[in-house]
Amino acid sequence: MPELPEVETVKNFLSSNFNGKRIQKIKIINKKLRYEIKPNISKYFINLIITKIYRRGKYLILLFENNYTLLIHLGMTGYFRILDKENLIKHDHLIFYFKSKILVFNDIRKFGFVKIYRPDEVLKSQHLIKIGPEPLSKEYDLNYFKHKSKRKTNIKNLLMNQYFVAGLGNIYCSEILFDAEINPKKNCNNLKPEQMKRIILSTKKILTKAIKFGGTTIKNFIVSNEKIGYFKNELKVYGKEHSHCVRCKKVYKIKKILQNGRSTFFCSNCQR
DNA sequence: AGGGCTACCTGTACGC
DNA sequence: TGCGTACAGGTAGCCC
């Protein structure tokens, strides 16, 4: 599920609720996620305060006062719930007990994970060492794009590649390319600088707007009762095959195709 | 080397 | 109602 705007929303939600808060107890319900949760996880974090919560790409990093970190990925269906009292449901895997709140990690498909790292190790971990720049940073600019887009694939797959730029997923790649008026099948070797510029600007514009709306709710993106997920109403092409294009107004021009086994949505009339 | 395919897991929607 | 199939926002490891 969660792409950069959703993970950013989760980060803000966790920060506002648990930054500076002390974990009293941790309970593993099911350790078998993508990677096994260390059975001795309590040993690292019990009675310690969360000092800062970061996001890098689609990853969450929780920093504790003893300098150990939790690296968390939500996979496709991972999410957090806050409870007043323990009230578990199917696919709850990990519980953090605070003084007055309980934080539960739930993940139906178990593609997510929770790993323990020393702070000097987490950025050098296999997950973070090779990923590309943050799309909202100054580093992701025309100069970067020119030098790193000399690839033998199409622009959709390039944007999906976390080593090229971190945090974009299947929804936002379609939305970004629609906004930039670029055909997702276009070979990234053939992009003109002017088109690269449009992709960069659209990336920043769409992500910024999506974060402002609290990300996109599709199925499993639940963050307690917070007002989130309203970018779903702002989607222009994702999940809208056979619709008319909101830009060129031609009917039935939103097509769904497969690229690298994933659905791509685009306007076959105005994305060139 | 890097790009494509597949596996991982569970739920849902749909056709028959 | 039930069964089989396809598909769903993710990554990573294998293969060529």
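In the text below, chain A, chain B and the rest are named by the order of the sequence lines, each starting its count at 1.
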Give the rounded distance in Å between these two atoms: [atom1] of [X] and [atom2] of [N].
X	N	atom1	atom2	result
A/H93	B/dC9	NE2	P	12 Å
A/N106	B/dT10	CG	P	12 Å
A/L158	B/dG2	CG	C1'	12 Å
A/E6	C/dA8	CD	P	16 Å
A/K256	C/dA6	NZ	P	13 Å
A/F113	C/dT11	CZ	P	9 Å
A/Y163	B/dG4	OH	C1'	14 Å
A/R262	B/dG4	CZ	P	14 Å

May I ask you to check whether A/H242 and A/Y252 place their ring centres under 6.0 Å from each other? no
Ring centroid separation for A/F18 and A/F13, is it under 6.0 angstrom? no
Testing A/T208, A/I176, A/D179 for side chain to side chain contact (heavy atoms under 4.5 Å, CB included) with A/T203, which one passes? A/I176
Positive for side chain to side chain contact (heavy atoms under 4.5 Å, CB included) with A/N170, one of A/M76, A/K156, A/E175, A/Q259: A/K156
For C/dT11, is there a stacking contact with A/F111, counting only centres under 5.5 Å and planes under 30°? no
Looking at [N], I'd like to know if its phosphate oxygens (OP1 or OP2) sit under 4.0 Å from a side-chain N or O belonging to [X].
X	N	result
A/K90	B/dG11	yes
A/S263	C/dC7	no
A/K152	C/dC16	no
A/H91	B/dG11	yes
A/N170	C/dA8	no
A/K58	C/dG10	yes

Base, sugar-phosphate, or nothing: which does [X] touch, judged by heavy atoms less than 4.0 Å apart?
X	answer
A/Y35	sugar-phosphate
A/G261	nothing
A/R151	sugar-phosphate
A/D107	nothing
A/K130	nothing

Between A/Y172 and A/T216, a side-chain donor and acceptor under 3.5 Å: yes
As its Watson-Crick or G-U partner within any shown strand, both distances under 3.5 Å, B/dC9 has none
B/dC9 versus C/dC3 - spacing of their P atoms, nearest Å: 23 Å
Looking at [options], which one has an atom nearest to any side-chain atom of [X]?
X	options	value
A/K110	B/dT10, C/dG10, B/dG4	B/dT10
A/M76	C/dA8, B/dT10, C/dA12	C/dA8
A/Q162	C/dG10, B/dG4, C/dT11	C/dT11
A/Q126	B/dT10, C/dG13, C/dG10	C/dG13

Could you check whether A/E6 pairs with A/K58 (Lys NZ or Arg NE/NH1/NH2 to Asp/Glu carboxylate O, under 4.0 Å)? no
A/K209 bridged to A/E234 by N-O distance under 4.0 Å: yes
So for A/R109 and C/dA8, does any side-chain atom that can act as donor or acceptor lie under 3.5 Å from a complementary atom in the base? yes
